[in-house]
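Here the structure is laid out as C-alpha cells; the discussion comes afterwards.
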Number of protein chains: 2
Amino acid sequence: MAADFDTLADHLREHGHKLTQPRRAILKTLVAASKPLSPAEIQARGQAFCADLGLVTVYRTLEIMADVGIVRPVHVVDGCHGYVLATPGHTHHVICERCNVVVEIAGCELGGFLERVAQRTGYTITGHWLEISGICADCQQHDDTQ
Amino acid sequence: MAADFDTLADHLREHGHKLTQPRRAILKTLVAASKPLSPAEIQARGQAFCADLGLVTVYRTLEIMADVGIVRPVHVVDGCHGYVLATPGHTHHVICERCNVVVEIAGCELGGFLERVAQRTGYTITGHWLEISGICADCQQHDDTQ
DNA sequence: GTCTTAAATGAAAGTCTTTTTCAGTTGCAG
DNA sequence: CTGCAACTGAAAAAGACTTTCATTTAAGAC
C-alpha cells in the first residue's frame, strides 16, 4: 500500500475538508493497520492518537473519506463494514481468512469477462466488486509447524 | 433460476431440518422473488403464506438455508444483507442498480486470474466473491423513453 | 498574531437491525 | 397415535448506526 499519511491528508484538504485532530487520528490508525478495521476498532486504536475520539466522528469521517476515495469499505462473507485504505485506481483485495491481513492487487483483468457478461445478460455493466479470500504465506507456515 | 420449491424443500430435509410452515413460507417467498430481499422484506412477503411469520424465524431460517446452500447472501456497496436463492454450483450475480433484479451467471471464468493472484501474493486462494452491478435491459429502455 | 466563521466535534438520545431467552407448539420417526 | 427433539413467536436485550444540539476548532481574512 503506497499510501503515506501526508499524501492522504492533502487529498482530504483538496476536497475542502478540514484536517482536524480526530481525522488525523483516524488516518494514522488506518495507515498503521494491515487489515480491515470496523468503526469500533478504529475508534479504539485511534484513541492512542486522540484521546477522546468519538465513535460518531469515526462514522462521519469514514463516510467523507470513502467519498473522497481515501478509504474503501470491505464486505466479507461473514461480516460487513470493515474499512481499509484505498490506493488510487481500481484494485481488488485478497484477505487472509486466518489473520485478516489484506493485500491489494493493482490492475484489473476482468475486462474481457465483463464484456461477455454484458453480451449474455443484456445488462450495461457499471461496476463490480471482487474480493478474494485465502491464506497468507505467514499463516500457511504456522500451519506447517503445528 | 432453475430452482423449484420441491427440490429446495427436499434439500432442507436431506440435511436433517424439518419442513415447517414458516420455512415453507420463506422458501416460497424467495422462489417468487426476482431480487435480493432483506430479512424484513422476507417476513412481510412471507406473511402471505404464513400469517404470523416472525422476524426471528426469518433470521434463523436464512442462516440454516445459507448453511445448506439454498440461499446466498448478497452484499451490495450501499447496503448489506440481501438474500437470494442460490442455484447449485459456483455462480456470480449481476444486480441491476435501478430495480435490483438479479441475474445469475453460471460458471466462473476467473480460474486463470486467481492463479496469477496466488503466484503474485503467496496466498493460497480459498474462495472469492464477485458481484457485478449494471443496468438491466428493461431499465435501459425506460431511460430511453424518458 | 488574532479574529471570524463555517465546519467539525462529543455526548446523549433515538432508531433500526440482529441476537438471546424462554415457554409453548409442531413436524415426524417409531 | 404418541413422544420428543426441533422449532416457533414474543419479549427483552444487545449492538450498530444516525440524529440532534451546544460547544470547540481549523483555517482563511485581516
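Throughout, a chain's letter reflects where its sequence line sits, starting with A, and its residues are numbered from 1.
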Whole-Å gap separating C1' (D:dC17) and CD (A:Glu63) | 11 Å
For C:dA7, does either OP1 or OP2 sit under 4.0 Å from a side-chain N or O belonging to A:His17?
-> no
Nearest whole angstrom, please: distance from the P of D:dA6 to the CG of B:Leu12.
-> 15 Å
Go through the steps to decide whether A:His93 and A:Ile132 satisfy the test side chain to side chain contact (heavy atoms under 4.5 Å, CB included), and finish with yes or no.
-> CA-CA 6 Å; A:His93 290 128; A:Ile132 303 170; over 6 Å; no
Using whole Å, report how far CD1 of A:Ile64 lies from P of D:dT18.
-> 13 Å
Using a 4.0 Å heavy-atom cut-off across all strands, classify A:Arg60 as base, sugar-phosphate, or nothing.
-> base
Could you tell me the separation between the CD atom of B:Gln43 and the C1' atom of C:dT17, rounded to a whole number of Å?
-> 12 Å
Please give, in whole Å, the distance from C:dG24 P to B:Gln21 CD?
-> 22 Å
Looking for any heavy atom pair under 4.0 Å, which part of the strands does B:Leu19 touch: base, sugar-phosphate only, or nothing?
-> sugar-phosphate
Hey, which of these two, B:Lys18 or B:Ala40, hits DNA chain C nearer its 5' end, going by closest nucleotide?
-> B:Ala40
Rounded to whole angstroms, how far apart are CD on A:Glu14 and P on D:dG28?
-> 13 Å
Are B:His17 and B:His11 close enough that some pair of their side-chain heavy atoms sits under 4.5 Å apart?
-> no
Between C:dG27 and B:Arg23, is there an OP1 or OP2 to side-chain N/O distance shorter than 4.0 Å?
-> no
Going by the angle between their ring planes, with limits at 30° and 60°, are A:His128 and A:His92 parallel, tilted or perpendicular?
-> tilted
How many angstroms lie between CD1 in A:Ile135 and SG in A:Cys99, if you round to the nearest 0.5 Å?
-> 10.0 Å
Please give, in whole Å, the distance from D:dA16 P to A:Tyr83 OH?
-> 13 Å
Using a strict cut-off of less than 4.0 Å between a Lys/Arg side-chain nitrogen and an Asp/Glu carboxylate oxygen, indicate whether B:Arg120 and B:Glu115 qualify as a salt bridge.
-> no
Selection from D:dC21, C:dA6, C:dT18 that lies nearest to any side-chain heavy atom of B:Tyr59 = C:dT18
Whichever of B:Arg24 and B:Val56 has its nearest DNA chain C nucleotide further upstream toward 5' = B:Val56
Expressed in angstrom and rounded to an integer, what is the separation of B:Leu62 atom CG from C:dT19 atom P?
-> 10 Å
Using a cut-off of 4.0 Å on non-hydrogen atoms, how would the nucleic acid contact of B:Arg13 be classed: base, sugar-phosphate, or nothing?
-> sugar-phosphate
Reckon A:Thr20 has a side-chain N or O less than 4.0 Å from the OP1 or OP2 of C:dA7?
-> no
